[in-house]
Structure formats: C-alpha cells, structure tokens
There are 2 protein chains.
Amino acid sequence: MRADARRNRERILDAALAVFAARGPSAAMEDVAREAGLGVGTLYRHFPDRRALVEEIAARSLQDLRDELRDLRAGGGPCWDVLSRTVAFCVGQPFALIKSLAEANAAPAGRLALQDEVDDLLMQIAEQAQREGAVRRDIEPREVVDLLSTVVCRPGARTDDALTKVVLDGLRAPVPAPVPEPS
Amino acid sequence: MRADARRNRERILDAALAVFAARGPSAAMEDVAREAGLGVGTLYRHFPDRRALVEEIAARSLQDLRDELRDLRAGGGPCWDVLSRTVAFCVGQPFALIKSLAEANAAPAGRLALQDEVDDLLMQIAEQAQREGAVRRDIEPREVVDLLSTVVCRPGARTDDALTKVVLDGLRAPVPAPVPEPS
DNA sequence: ATGAATCGGATATTCCGGTTCCGTTACGGA
DNA sequence: TCCGTAACGGAACCGGAATATCCGATTCAT
C-alpha cells in the first residue's frame with residue numbers, strides 16, 4: 001500500500017468520526033470527503049460503501065472503550081473515582097454513533113460481542129459503586145448505566161457541564177438535602 | 001364543515017402529534033395517515049402541506065405549555081414544588097418536536113413570540129427557585145433550564161424514571177453528601 | 001523516466017417520500 | 001328515501017437528495 005494511500009485512509013477515518021459524531025451516522029458521504037480534504041472517489045476506493053466505513057469506526061471506538069474500561073477496573077482505586085473517570089472518558093466519545101448503530105440493522109457478530117463486553121464492564125462498575133455505598137441504591141444498576149449513557153451520549157456533552165455535574169451529584173447523594181422553606 | 005370532516009381533522013392532529021413525537025418532525029406523511037386510520041389524500045385535504053401540519057401542532061403544544069406555566073407561576077406555592085410540577089407537566093409533552101422545529105427553518109412570527117414567552121417563564125421559575133434556595137446556585141439559571149429541557153425532551157421520558165429523579169435530587173442538593181469510604 | 005497506483009469530482013442511478021388526481025364513498029338536507 | 005355534494009382513499013407521478021461509479025488527471029516509487 002502506497003504511503004499516501006495509507007495516510008488518506010487515516011484521514012478518512014478521522015474525518016468520518018468527526019462528521020458522524022456531529023451529524024449522525026447518516027451524514028452525507030460527500031461531507032465526510034470534504035472534511036477529509038479528499039474527493040468522494042477516494043473515499044469509495046478505501047471503503048466499498050458507507051456501511052463498511054461506519055463499521056470500521058464503530059469497531060475502533062468500541063475497542064478503545066473496552067480497553068479503557070478494563071484498565072479502569074483493573075486499576076482499582078475508590079469506586080466512586082472509577083465511576084467518575086469512566087464518565088470523564090466516555091464524554092466526547094462518539095457513542096451516539098455507536099448507539100444508533102446498535103439500533104440499526106445487522107451488525108457483524110464481532111461487534112455485538114464487543115458491545116456486550118462493554119455493557120458488562122459498565123454494569124460491573126455501577127454495581128460495585130452501589131455495593132460500596134458510593135452510589136445510591138434506590139435505582140437499578142441497569143438504570144445507572146442507562147442514565148450515564150444518556151448523559152454521555154448527548155451531542156456536545158462535556159465533563160464539566162451542568163448536566164454532568166448535577167447527575168453525578170444526584171447519584172452520589174443517598175439522602176437528598178431537605179427542601180428549604182422559602183426565605 | 002361536515003361532522004366527519006371535523007372528526008378526521010382532530011384524528012389527524014392527534015396522530016401527527018404521536019408520530020412526530022416518536023419519530024421526529026420528518027416522519028413520513030403516510031405514517032401519520034396510517035396512524036390516523038385515513039388515507040394521505042384526506043390528510044392533504046385538511047393541511048396543504050407538511051409544514052402547515054407541523055406548524056399547527058407546534059402552535060397548539062406551545063400554547064398549552066405557556067398556559068400551564070402561567071398557571072403554575074400564578075398559583076404560587078413553594079418554589080420547589082413549582083419546579084417539580086413544571087417538570088412533571090413537561091415530561092411527555094412533544095418538546096423534542098418543538099425544539100427541532102425551532103432549529104429548523106423559518107417559523108411564523110407568532111410562534112417565535114410564543115417560544116420566547118415560554119422561555120421567559122421557565123427562566124423565571126428557575127431563577128426564583130435559586131433565589132429562594134430550593135435549587136443550588138453554582139450553575140446558571142440558563143443552565144438549569146437547558147438541563148431540565150434535556151431531561152424532559154428525551155424520547156420516553158417519564159416523571160418517575162431514574163434520570164428525572166436523579167437530576168431533581170442533584171439540583172436540590174446544594175451540598176452533595178460526602179463520598180463514603182469503601183466498606 | 002515510466003507505469004502502476006491513486007486521486008477527483010462530474011454524473012448516472014437509486015431511493016424515498018411528498019403531492020396530486022380522480023374514481024369511489026357516504027353525509028345530511030329535502 | 002333520494003340526490004347533490006363534500007369528503008375520502010390510495011395508486012401514480014414527481015423531484016430532490018444521496019449513493020456509487022467511471023475515467024481522465026495526477027502522484028508516487030523504482
């Protein structure tokens with residue numbers, strides 16, 4: 001494979017990640033090409049069709065995520081920190097993409113396995129945080145995961161934005177502060 | 001106007017609300033017609049084009065919302081209750097629709113005015129809740145509104161689901177509970 | 001320098017939903 | 001009951017948007 005071809009393949013992948021993350025997995029191929037500074041022809045040389053491109057990106061992202069979650073769990077530390085670092089890592093990842101892919105039609109078996117693996121890891125992290133009292137126990141672990149995924153998949157989510165902060169605080173508070181009387 | 005025609009007009013509006021809320025404002029007209037148990041022809045008899053239909057729904061929903069918010073504010077009561085009742089009312093309203101409409105192209109002046117009015121009311125409710133100490137003050141009123149609108153616009157949002165609960169608790173907690181040590 | 005690999009982007013093609021049209025149905029006043 | 005007319009249904013038509021192709025132009029590597 002020629003050097004420029006390899007370079008362009010990477011560029012396409014980067015551009016597609018950005019564009020799909022920003023505009024959803026059905027963004028126009030031409031937009032991806034423009035973002036990469038290439039022609040559509042080049043794009044189709046490297047990936048036979050849109051599905052192939054999306055699939056490659058999804059697989060990469062899931063692998064990154066799986067590896068990161070494994071490390072976080074293996075690293076130990078206070079389970080609350082594991083949870084908030086998980087959130088920090090996930091925010092900004094193109095999950096909305098992966099999620100909408102999951103809903104869409106047939107994914108190859110390899111990716112499904114990855115998705116299950118990631119889901120398991122998240123559930124384990126949530127369960128442990130609850131077991132150790134860092135997260136309130138009046139909601140299901142499944143709900144904790146779903147809720148965090150909602151927070152994290154928002155377009156434009158940031159680690160330090162209001163919703164992220166408020167949700168993390170709400171999760172951590174086993175007994176909410178009493179409602180003060182109007183002053 | 002014949003009786004069956006009036007009835008069908010209502011059916012279309014109901015169906016469109018349901019379908020647009022579920023699948024976004026670009027759902028197929030044919031789906032709307034099917035949901036209403038009518039043919040597309042009938043649909044076009046009542047509304048000249050999709051825009052007219054969407055516009056009618058948006059205007060109705062916004063009016064309902066504006067009226068409800070006015071009542072809530074006028075009713076007085078502890079401001080926390082006003083806030084949580086606001087959320088309760090808003091959950092399940094087809095806001096995702098209105099919001100995506102707002103982003104989309106040209107709305108008639110009348111609707112824009114309504115949107116501003118609703119936004120003002122929400123801001124007032126948020127500000128008062130903060131002023132009276134029911135909601136933490138370390139985030140901007142604007143952020144409170146945005147955050148609640150995120151919660152409330154989710155597809156499938158419910159008053160008693162995990163995210164709603166957690167966010168309300170997180171908003172109410174001026175000082176989050178300390179992180180417990182692992183047990 | 002040469003030719004094989006790669007690129008670019010105009011264009012044919014496909015897809016999908018909006019809108020129209022007109023034959024059929026059924027309401028409601030006489 | 002009967003008729004005129006408003007209203008309905010949905011097949012067919014239309015247009016735009018996005019996909020994928022194709023081939024002349026360009027660039028790399030020997």
Side-chain angles (χ1 to χ4, degrees), chain A residues 1-58 94 96-97 100-101 103-108, chain B residues 1-59 94 96-97 100-101 103-108 155:
Chain A
M1 199 175 190
R2 241 165 62 176
D4 56 339
R6 191 186 313 279
R7 202 167 45 240
N8 283 335
R9 190 185 155 87
E10 283 310 310
R11 274 190 197 159
I12 289 169
L13 249 9
D14 289 349
L17 189 60
V19 171
F20 287 151
R23 302 214 271 276
S26 56
M29 295 298 259
E30 199 185 325
D31 289 353
V32 173
R34 188 166 337 106
E35 171 78 18
L38 299 168
V40 269
T42 307
L43 196 154
Y44 278 93
R45 160 168 304 273
H46 288 284
F47 302 93
D49 56 21
R50 109 182 272 105
R51 167 172 302 277
L53 176 57
V54 168
E55 200 47 63
E56 172 87 23
I57 291 172
L97 172 61
S100 63
L101 243 40
E103 294 158 6
N105 34 25
Chain B
M1 199 175 193
R2 240 164 63 177
D4 56 341
R6 191 187 313 280
R7 201 167 45 239
N8 283 337
R9 191 186 154 85
E10 282 310 310
R11 275 189 196 160
I12 290 169
L13 249 9
D14 288 349
L17 189 61
V19 170
F20 286 152
R23 303 216 269 277
S26 55
M29 295 297 259
E30 199 186 325
D31 289 353
V32 174
R34 187 165 339 106
E35 172 77 18
L38 299 167
V40 269
T42 307
L43 195 154
Y44 277 92
R45 161 167 303 273
H46 289 283
F47 303 91
D49 56 20
R50 109 181 273 105
R51 166 171 304 276
L53 177 57
V54 167
E55 201 46 63
E56 172 87 23
I57 290 172
L97 173 60
S100 64
L101 244 37
E103 294 158 6
N105 34 26

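Protein chains get the first letters and strands the later ones, always in sequence-line order, with residue 1 at the start of each.
When DNA chain D is scanned in the 5' to 3' direction for atoms under 4.0 Å from non-hydrogen atoms of chain B, the outermost contacting nucleotides are D:dA6 to D:dA11.
Here B:D49 does not pair with B:R51 in a salt bridge; the nearest charged N to carboxylate O distance is not below 4.0 Å.
Axis orientation changes by 20° from one end of the helix from C:dA1-D:dT30 to C:dA30-D:dT1 to the other, with each end axis drawn from 5 pairs and the value rounded to 10°.
Here A:A27 lies in heavy-atom contact (under 4.0 Å) with sugar-phosphate atoms only. A:A3 comes within 4.0 angstrom of sugar-phosphate atoms only, judged by non-hydrogen atoms across all strands, and of no base.
Look at CD on B:E30: it is 12 Å from C1' on C:dT19, rounded to the nearest Å. For the pair B:R51 CZ and C:dG17 C1', the interatomic distance rounds to 16 Å; values are reported in whole Å.
Where B:A28 and B:R7 each meet DNA chain C at their nearest nucleotide, the meeting point lying more 5' is that of B:A28.
Applying the side-chain hydrogen bond (donor to acceptor under 3.5 Å, both in side chains) rule to pairs touching residues 36-46 of chain A yields nothing, sequence neighbours excluded.
For the atom pair CD1 (A:I57) and CG (A:L53), the distance works out to 4.5 Å, reported to the nearest 0.5 Å. For the atom pair CG (B:L43) and CD (B:E35), the distance works out to 12.0 Å, reported to the nearest 0.5 Å.
The side chain to side chain contact (heavy atoms under 4.5 Å, CB included) search around A:R6 returns A:M1, not counting sequence neighbours.
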Query raised in the report: Can you give one letter per nucleotide of nucleotides 4-13 of chain C, 5' to 3': B if a protein heavy atom sits under 4.0 Å from the base, S if only from the sugar-phosphate, - if neither?
Result: BBBBBBB---
Only distances under 3.5 Å count here; give the side-chain donor-acceptor pairs of residues 12-32 of chain A to other protein atoms, sequence neighbours excluded, each with its distance to 0.1 Å.
| unit_1 | atom_1 | unit_2 | atom_2 | d |
| --- | --- | --- | --- | --- |
| A:R23 | NH2 | A:D31 | OD2 | 2.9 |
| A:D31 | OD1 | A:R34 | NH2 | 3.4 |

